[in-house]
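Below, read A as the first sequence line, B as the second, and so on, with proteins coming before strands; counting in each chain starts at 1. Hydrogens, waters and symmetry mates are skipped; everything else that's a heavy atom, side chains included, is used.
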Amino acid sequence: MNVRRSKINILVDILRLVQRKEGRAKPTHILYGANLSHARLKKYLDVLLVNEFIERADKGNHVFYRITLKGQKFISEFKKVEELSEAFGVPI
Amino acid sequence: MEILIPTRFYGFDSVTYTVAAVIGFLVSYYAFKMYSATSKRTHKYLYLSFTLLSMGLLVLSVASWYNYFNYEIYHGKYLLDQYVAMDDFAYWIYYLCSILGYLLLASMYFPEKGFPLLFLPVWSSGFPYFNVLSLFILSYAIFRSVANFFSKKNMNSFLVAASFSLIGLYHLLLVFTSFSRFVYVIAHICLGLGFFSLLVMLAKVSRK
């Protein structure tokens with residue numbers, strides 16, 4: 001079944017991806033990992049940066065993203081939301 | 001319809017309603033957190049349904065405690081009944097809150113346009129059939145939660161399915177309270193266990 005991802009699911013997918021890369025997540029990694037267009041990725045990254053869930057680190061010519069403590073807490077809270085949703089049988 | 005209640009059970013039903021209301025508010029709080037994170041219609045319905053159910057149970061528990069103290073301490077001198085029929089007032093609020101709560105719970109599993117359709121059988125039915133009506137509406141949520149358990153096969157979905165089934169059983173048993181005093185006791189045990197299942201599920205999820 002083809003299920004469209006909600007905005008919150010995309011944001012969490014990006015956050016999880018950034019978390020997995022342990023501070024070395026390049027925009028291209030996120031782009032392919034989260035399966036998004038460049039324009040949409042930029043929009044979602046801006047949301048995460050504004051909310052301080054991720055932070056940008058420039059190293060030479062490269063741009064990296066790393067997850068903040070607030071972002072990690074958000075992921076763990078969202079995991080509870082997913083579990084509760086699954087328990088009641090309602091999709092997120 | 002006559003409701004047979006064992007005298008020794010007086011007070012225990014009040015405790016059951018109070019505990020169920022507290023757990024219901026807890027579920028509502030978690031559902032609100034889910035809704036805040038996702039802004040999903042389903043989560044909003046879950047949060048509103050448990051808020052309404054808990055409000056109804058809270059009002060019922062107040063009325064039940066009032067009856068208990070009047071019976072046990074004031075020996076039948078119903079202090080406020082000269083001003084307002086406490087029982088009738090409380091039960092009407094409880095019925096209304098519960099029916100709306102169950103409707104929202106069932107609507108949570110319906111597609112977007114299902115909610116207005118679900119209203120149809122409710123407002124054409126009458127007050128004395130509250131428990132049958134509750135069971136009728138809740139049966140859809142029971143069916144969906146049981147189906148969810150069989151597809152997920154995990155403990156949390158089992159606890160939710162068990163909870164909805166036990167609350168449904170509570171309403172079913174209350175229909176037969178005129179036959180035996182024992183039925184009333186079993187019904188309330190089912191209600192207590194139903195909400196306890198939800199508490200266990202919440203504890204399991206929030207502990208992680």
Side-chain angles (χ1 to χ4, degrees), chain A residues 1-20 22 30 33-36 40-55 65-92, chain B residues 26-47 49-50 104-112 140-164 197-208:
Chain A
M1 196 170 70
N2 188 14
V3 181
R4 211 171 137 252
R5 283 187 300 172
S6 64
K7 187 181 167 187
I8 189 82
N9 274 322
I10 296 170
L11 288 171
V12 171
D13 281 350
I14 296 173
L15 269 180
R16 283 178 176 152
L17 227 135
V18 173
Q19 189 181 39
R20 272 203 303 274
E22 295 173 343
I30 306 169
N35 196 21
L36 292 167
R40 288 185 76 203
L41 176 70
K42 192 182 173 317
K43 194 180 91 179
Y44 286 118
L45 284 177
D46 284 345
V47 171
L48 292 171
L49 283 165
V50 166
N51 286 288
E52 295 173 349
F53 288 153
I54 56 170
E55 55 193 13
Y65 291 97
R66 62 170 161 252
I67 193 162
T68 61
L69 202 64
K70 195 177 167 187
Q72 284 173 5
K73 273 176 96 174
F74 183 78
I75 287 181
S76 75
E77 283 300 310
F78 193 77
K79 195 170 178 346
K80 289 176 190 173
V81 170
E82 282 177 321
E83 282 187 32
L84 281 174
S85 260
E86 197 182 270
F88 283 98
V90 287
I92 292 183
Chain B
L26 208 60
V27 176
S28 159
Y29 167 72
Y30 275 90
F32 178 72
K33 277 175 79 174
M34 287 160 76
Y35 174 59
S36 308
T38 63
S39 305
K40 284 271 176 180
R41 177 189 67 95
T42 48
H43 295 153
K44 182 166 80 178
Y45 283 4
L46 183 66
Y47 144 64
S49 73
F50 271 94
L104 284 164
L105 199 63
S107 300
M108 180 176 82
Y109 292 110
F110 265 75
E112 200 77 42
Y140 186 66
I142 295 170
F143 165 72
R144 289 294 299 262
S145 62
V146 170
N148 179 53
F149 164 64
F150 281 112
S151 79
K152 304 270 166 57
K153 288 200 173 79
N154 62 31
M155 184 51 99
N156 289 339
S157 56
F158 168 76
L159 288 167
V160 171
S163 162
F164 288 177
S197 293
L198 287 177
L199 183 68
V200 173
M201 188 274 293
L202 284 184
K204 268 171 61 54
V205 171
S206 60
R207 208 171 41 192
K208 287 176 184 172

[atom1] of [X]: more than 12 outside heavy atoms within 6.0 angstrom?
{"X": "A/E52", "atom1": "CD", "value": "no"}
{"X": "A/K73", "atom1": "NZ", "value": "no"}
{"X": "A/N35", "atom1": "CG", "value": "no"}
{"X": "B/Y109", "atom1": "OH", "value": "yes"}
{"X": "B/F143", "atom1": "CZ", "value": "no"}
{"X": "B/K44", "atom1": "NZ", "value": "no"}
{"X": "A/K70", "atom1": "NZ", "value": "yes"}

Is chain A contacted by the side chain of [X], its backbone, both, or neither, given a heavy-atom distance below 4.5 Å?
{"X": "B/L46", "answer": "side chain"}
{"X": "B/V27", "answer": "side chain"}
{"X": "B/F164", "answer": "side chain"}
{"X": "B/S145", "answer": "neither"}
{"X": "B/L105", "answer": "neither"}

Between NZ on residue B/K40 and OG on residue A/S85, distance to nearest 0.5 Å: 9.0 Å

Distance in Å, B/N156 CG paired with A/L84 CG, rounded so as to fall on 0.5 Å steps: 7.5 Å

NZ/NE/NH1/NH2 to OD/OE distance under 4.0 Å, A/E77 and B/K33: yes

Heavy-atom pairs under 4.5 Å with chain B, option from A/G89, A/A87, A/P91 with the top count: A/A87

Check against side chain to side chain contact (heavy atoms under 4.5 Å, CB included), B/R144 and A/V90: CA-CA 10 Å; B/R144 289 294 299 262; A/V90 287; over 6 Å; no

Nearest atoms (heavy-atom pairs only) where A/E83 meets B/V205: OE1-CG2, 3.9 Å

Stepwise side chain to side chain contact (heavy atoms under 4.5 Å, CB included) test for A/F88 and B/M201: CA-CA 10 Å; A/F88 283 98; B/M201 188 274 293; 3.7 Å; yes

Close side-chain approach of A/I92 to B/H43, heavy-atom, < 4.5 Å: yes

